[in-house]
There are 2 protein chains.
Amino acid sequence: MNKLEKNKNVKEIKLEAEYPLPRSLFLNIDRSGPIPLYHQVASRIEAAIADGSVPAGARIDNEIALGERLGLSRPTIRRAIQDLVDKGILVRRRGIGTQVVRGGVTRKLELTSLYEDLSSAKRAPSTKVLAHAQTTADELVATSLGVPVGSPVLHIRRLRLAGGVPLAVLDNYLPSEFIDIKRADLEQFGLYQVLSSRGVDIRIAKQRIGARTATLEESKKLGIDRKSAVLTMERVAFDNKGHVVEFGQHAYRPDLYSFEVTLVGK
Amino acid sequence: MNKLEKNKNVKEIKLEAEYPLPRSLFLNIDRSGPIPLYHQVASRIEAAIADGSVPAGARIDNEIALGERLGLSRPTIRRAIQDLVDKGILVRRRGIGTQVVRGGVTRKLELTSLYEDLSSAKRAPSTKVLAHAQTTADELVATSLGVPVGSPVLHIRRLRLAGGVPLAVLDNYLPSEFIDIKRADLEQFGLYQVLSSRGVDIRIAKQRIGARTATLEESKKLGIDRKSAVLTMERVAFDNKGHVVEFGQHAYRPDLYSFEVTLVGK
DNA sequence: TAGTGGTCTAGACCACTTG
DNA sequence: AAGTGGTCTAGACCACTAC
């Protein structure tokens, strides 16, 4: 039985079938539009993998052949493939080729269902502003924002809901240039939408994810038992100028929220 | 006061000083060794930023000038810079230039201290194997590993300690080809070391981070109060062939452990 | 207008894997 | 020996920003 199982595996490993990419990949490449060629290629390959046209484990065309068939140069093809490697969809081995990672789709849907159902995707998200006031930066806020201790900052505390169910308590601190952000705007739009409308382009977010026991207020606001667990996230966000834009401390209901991360080696 | 503060900020924004890269950057480039040129360049720029030679907010040389001064082509320089952008160290704007992100170092040290002190970096890590047995895959394990329900798998449960202090309870499931991994190896080496010694090159890890109340066993093993919070991580790891290598369910002491993630937009 | 990064090309040579 | 991805070059044109 054990041996049989092993042979099965070996067989599976061997059948790294070379797989012809679907014809749809090679049509309607737009050379004049604003979408980069490498992005068009990457999107098509990704879509072909997502809809099953290219099965998991399949070996796709090599870079040069693909470039010739598409009428594109090798660096362009290479960039498209690299983007998918960085997404964890493809793996490359020198001397071997490029393969589709196994089990990309099914498992994700399995594990994500609860969160997806309750999150912004399906149920209407809404926000209640619990606090909105100018204050002065304590040491943690000051070092996080890169401003002197005692500097004026805007503090906001919001309750995020999805479909009427409370999801998270969000504390955020913003440097003085954003002190005029209106409470009404935050009720209607997300913080990042408000910032975006002011011309702020957020590019980098450094996050620390942890857990702790809920405070009394958090448990009340989130509708969970006193002293039960919350999932926490601390974040410092930077714009495209390299400036700190925001420092946040968030507490999520752990039964309704989790974080997904895909790490790619080397 | 408010107005004064604003002026201060405007001034800071303006002083995006062009900053000459230190001379050390331009010495001893090794063209014959195994380390790619772009990596040598990226490492030097990163080091110059880390040690303060290039201050936060500084604008560094443009790609072409840097290439000429280093005797390297533009694509090589570009790749080096892009790697640092992807790390969240630099930001680029078309028509403007490339700048060092502000507040990269200090804040990280502030927030990381507790975890760093107790983690593998400073205190000796050790592992105690709590369980080690062949079993059959239930539905979650089966879908995660991509094997049929009921397939033989290796289940291991370990207690990870740092300096004698329990950090985490680690449950891992491995497909049948790894069923012969020895308990003794796991006591002495990490799981990934054991796999590496068998020629497995792990390339991708898809992780989900959450929180929940500790089980009774976890609270005992981790030395925390019953019903207090644990930080959880579920992971599926893939090798360079795109095969699933391992499925893990981990529970961490949240006062001693957290996850850091840096997200880079677009 | 000048300077910057973003994209794309058409080659070249190399290291590694398989047969 | 043949095929693959990994690296590197020397250009080119474009879009965007600042002055």
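Here is the naming used below: chain letters follow the sequence lines, and residue numbers restart at 1 for every chain. Because only heavy atoms are used, hydrogens play no part in the values below, and waters and symmetry mates are left out as well, while side chains stay in.
Taking atom CD1 on B:I64 and atom P on C:dG3, their separation rounds to 11 Å, with Å as the unit. As rounded to whole Å, 11 Å separates atom P of D:dG5 from atom CG of A:L90. Atom P of nucleotide C:dT17 and atom CZ of A:R59 are separated by 15 Å, given to the nearest angstrom. Going from atom CG of A:N62 over to atom C1' of D:dG3 covers 8 Å, rounded to whole Å. The nearest whole Å value for the distance from the CD1 atom in B:I60 to the P atom in C:dG3 is 18 Å. Whole-Å rounding puts the B:K241 NZ to C:dT17 P distance at 11 Å.
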Original post:
When you check every protein heavy atom under 4.0 Å of nucleotides 6-13 of chain C, what one-letter string (B, S, -) results, 5' to 3'?
Top reply: BBSBB-B-
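The side chain of B:T98 contributes no N or O atom lying less than 4.0 Å from OP1 or OP2 of C:dT4.
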Subject >> Test salt bridge (charged side-chain N to carboxylate O under 4.0 Å, His left out) applied to B:R102 and A:D239, step by step >> reply: CA-CA 10 Å; B:R102 292 162 198 270; A:D239 67 10; over 6 Å; no
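Classification of B:E63 and B:R92 as a salt-bridged pair holds, one side-chain N sitting under 4.0 Å from a carboxylate O. Salt-bridge formation is not detected for the pair A:R79/A:D86: no Lys NZ or Arg NE/NH1/NH2 atom is positioned less than 4.0 Å from an Asp or Glu carboxylate oxygen.
The main-chain N or O of B:I204 is never found under 3.5 Å from a side-chain atom of B:K206 such that the two would form a donor-acceptor pair.
Between the side chains of A:R235 and A:Q249, no donor N or O sits under 3.5 Å from an acceptor N or O.
Residues B:D30 and B:Q40 have side chains in contact (heavy-atom distance under 4.5 Å, counting atoms from C-beta outward).
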